[in-house]
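Reading through the structure tokens given below for one structure.
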Amino acid sequence: MKIRTQKAMNLPFTSIVRELPATVPFIPVEALERQSGKKIHTRIGANESSFGVSPLAKKAMEEALQTIHWYGDSECYDLRKELSRVHGVRMDEISAGSGIDECLGLVVRAFLEPGEVVVTSLGAYPTFNYHVSGFGAKLVTVPYRDYMNDLDALADKAREADAKMVYLANPDNPTGTFHSAGALHGFLEKLPEDCLLLLDEAYIEFAPAHEVLPLNPQNPRVIRTRTFSKVYGMAGARVGYVLAAKETVQAIDKIRNHFGVNRVAQAGAVASLKDPDFVRQVVRDVEEGKKEYQELAQKLGFSSLPSYTNFVAIDVGSEEKAVAIREALFEKGVFIRTPQVFPLSRCLRVTVGTPEERQIFAQALEEVVKEMSITGDTTRR
């Protein structure tokens, strides 16, 4: 029997996909374990919450498992209704998605044509950049200034580049810094009138409530994304949402994955919103942990950045030191991350873990610094 040889085929990928590099914004811990053969026992590098989920959420998700053979509510009605109550906005000003990452991608897809410009900070959240490139838009970046998003430079660049959108994580990832409502009001006034502001507020629950930009979905220029992955402890469930003008939500509804938020995740998110005491306790626990990290950094001769998130960025003086410390900690079973772009790359980014995890990290870091004879020269250049 003659076997026919399969002819090689040039697959008809789009020009955008053909030109994209093979990249993943974040390599997961599990992949690092597979690649290295090492087992991680202290996972404090992905800004997941070490404090778990609300008991109410856990109970609700366990009950929802009884009907997991059904599709979830494609309208996320109960979740949007509860979010409407909590935030004091209309339900038609809310769109739910499977994590903030999907929400960012939907906003990019809804507003940006191939070749149109987005301005962001150099070294900011890389998953947003991943979506921009994936839909063929163009990224223009502005360096951080003293580890802060440089609002004046971002506004200037938006005008210069005729940008359609500016992306701003506030509080910021990976630095943890934060701009108040007053600063953001001034920033909006400096942006071109037809330029959108996409505010990534994944860590907003850790910021001072009185300094947060008030919600005003009627302003079509501001689009905000939030998540249940951080303070609510539901990173693995994948629930995020968009707060925006009704017209923006309607546009997103045309393209979103309507069954993207599963019924167990929806149940957990709704229950989480009904347990504000749990959220307040997580914020208090994180504040305590941040103080410990800041004291540890000072003890070792390093400096730490002010943090309005559930992690702390510790400046160890150089990118070489940061990478060496990160790798040495990994060898000890402690997972942290380092930002990829200078000068942020001088920092260790460490999630605030439980008291036990913080103790393990402190001991491991002190051992590594001693073993490597690392000194704390953190003069910022």
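Along the sequence shown, residues carry numbers from 1.
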With a 6.0 Å cut-off (strictly less than), is the heavy-atom count around CZ of F187, excluding the residue itself, greater than 12? yes
Given the rule in the salt bridge (charged side-chain N to carboxylate O under 4.0 Å, His left out) test, do R85 and E82 qualify, once you have shown the distances and angles that lead to the verdict? CA-CA 5 Å; R85 179 191 68 81; E82 194 61 21; 2.5 Å; yes
Hey, are S50 and E357 close enough side-chain-wise for a donor-acceptor pair under 3.5 Å? yes
Determine whether V312 and I325 fall in the same hydrophobic cluster, where Ile, Leu, Val, Met, Phe, Trp and Tyr are linked whenever their side-chain heavy atoms lie under 4.5 Å apart. yes
Please tell me whether T338 and R349 have a donor and an acceptor in their side chains that are separated by less than 3.5 angstrom. no
Under a 4.0 Å N-O cut-off, is there an ion pair linking E287 with R284? no
Pairwise distance CG(L83) to CZ(R90) - rounded to 0.5 angstrom: 15.5 Å
Approximate separation, where rounding is to 0.5 Å, of K81 NZ and M91 CE: 7.5 Å
Test log, rule salt bridge (charged side-chain N to carboxylate O under 4.0 Å, His left out), inputs R326 and E319: CA-CA 10 Å; R326 182 196 69 201; E319 181 175 341; over 6 Å; no
Verify, without hydrogens or angle tests, whether T248 (side chain) and A244 (backbone) share a donor-acceptor contact under 3.5 angstrom. no
Please work out whether the ring planes of H131 and F135 are parallel, tilted or perpendicular, with thresholds of 30° and 60°. parallel
Grouping I, L, V, M, F, W and Y whenever their side-chain heavy atoms are under 4.5 Å apart, do L106 and L139 come out in a common cluster? yes
To the closest 0.5 Å, what do you measure between OH (Y241) and CZ (R80)? 13.5 Å
Hey, is the main chain of D73 close enough, under 3.5 Å, to the side chain of Q266 for a donor-acceptor pair? yes
Residue pair L79, F228: steps toward the side chain to side chain contact (heavy atoms under 4.5 Å, CB included) verdict: CA-CA 12 Å; L79 175 56; F228 285 84; 4.0 Å; yes
Could you walk me through whether S272 and M234 pass the side chain to side chain contact (heavy atoms under 4.5 Å, CB included) check? CA-CA 9 Å; S272 292; M234 293 179 57; 3.6 Å; yes
So how far is it from L329 CG to I336 CD1, rounded to the nearest 0.5 Å? 5.0 Å
Could you tell me whether R224 and E201 make a salt bridge, using a distance below 4.0 angstrom between a side-chain N and a carboxylate O? yes
Is it true that a side-chain atom of Q363 and a backbone atom of I360 form a donor plus acceptor pair closer than 3.5 Å? no
Any ion pair linking K164 and E113 (charged N to carboxylate O, less than 4.0 Å)? no
Polar side-chain atom of N170 near backbone of H179 as donor-acceptor pair, under 3.5 Å: yes
May I ask you to decide if T309's main-chain N or O and K290's side chain share a donor-acceptor pair within less than 3.5 Å? yes
Is the backbone N or O of P192 less than 3.5 Å from a side-chain atom of R159, with the two atoms forming a donor-acceptor pair by type? no
Do D275 and Y232 have a side chain donor and acceptor closer than 3.5 Å? no
Determine whether V107 and M165 make a side-chain contact, defined as any pair of heavy atoms from C-beta on separated by less than 4.5 Å. yes
Hey, do the aromatic rings of F51 and F278 have their centres closer than 6.0 Å? no
Between H258 and E75 (side chain of the first, backbone of the second, donor and acceptor by atom type, cut-off under 3.5 Å), is there such a pair? no
Do V352 and L365 share a hydrophobic cluster (ILVMFWY, side-chain heavy atoms under 4.5 Å, transitive)? yes
What I want to find out is whether E116 reaches K138 closely enough, with some N-O distance under 4.0 Å, to be called a salt bridge. no
Polar side chain donor-acceptor pair, E211 to S180, under 3.5 angstrom: no
How are the rings of Y293 and F361 set relative to one another: parallel (under 30°), tilted (30 to 60°) or perpendicular (over 60°)? perpendicular
G353 backbone acceptor or donor facing T351 side chain under 3.5 Å: no
So, does T67 use its side chain to make a donor-acceptor pair with the main chain of A64 at under 3.5 Å? yes
NZ/K370 to CD/E366 distance, rounded to the nearest 0.5 angstrom? 10.0 Å
Paired with Y144, the side-chain hydrogen bond (donor to acceptor under 3.5 Å, both in side chains) test is passed by just one of T175, D150, D172, namely D172
Cut-off 3.5 Å, side chains only: do D285 and Q281 have a donor facing an acceptor? yes
One thing to verify: whether R43 and E30 come together as a salt bridge, which I'm taking to mean a side-chain N less than 4.0 angstrom from a carboxylate O. yes
Starting from the C-alpha separation in whole Å, work towards a yes-or-no answer on ring-ring contact (aromatic ring centres under 6.0 Å, His included) for Y308 and F206. CA-CA 6 Å; Y308 297 84; F206 298 101; over 10 Å; no
List the steps and the verdict of side chain to side chain contact (heavy atoms under 4.5 Å, CB included) for V140 and E160. CA-CA 10 Å; V140 175; E160 176 189 317; over 6 Å; no
Distance check, rounded to the nearest 0.5 Å: L273 atom CG versus S84 atom OG? 11.5 Å
For Q359 and E292, which I'm curious about, is there any donor-acceptor pair between the side chains at under 3.5 Å? no
Check for me whether the distance between the ring centres of F128 and Y167 falls short of 6.0 Å. yes
Identify whether L20 and V117 are in the same connected component of the hydrophobic contact network (ILVMFWY, side-chain heavy atoms under 4.5 Å). no
I255 reachable from I100 in the ILVMFWY side-chain graph, under 4.5 Å edges: no
Any donor-acceptor pair under 3.5 Å linking the side chain of E33 with the backbone of I40? yes
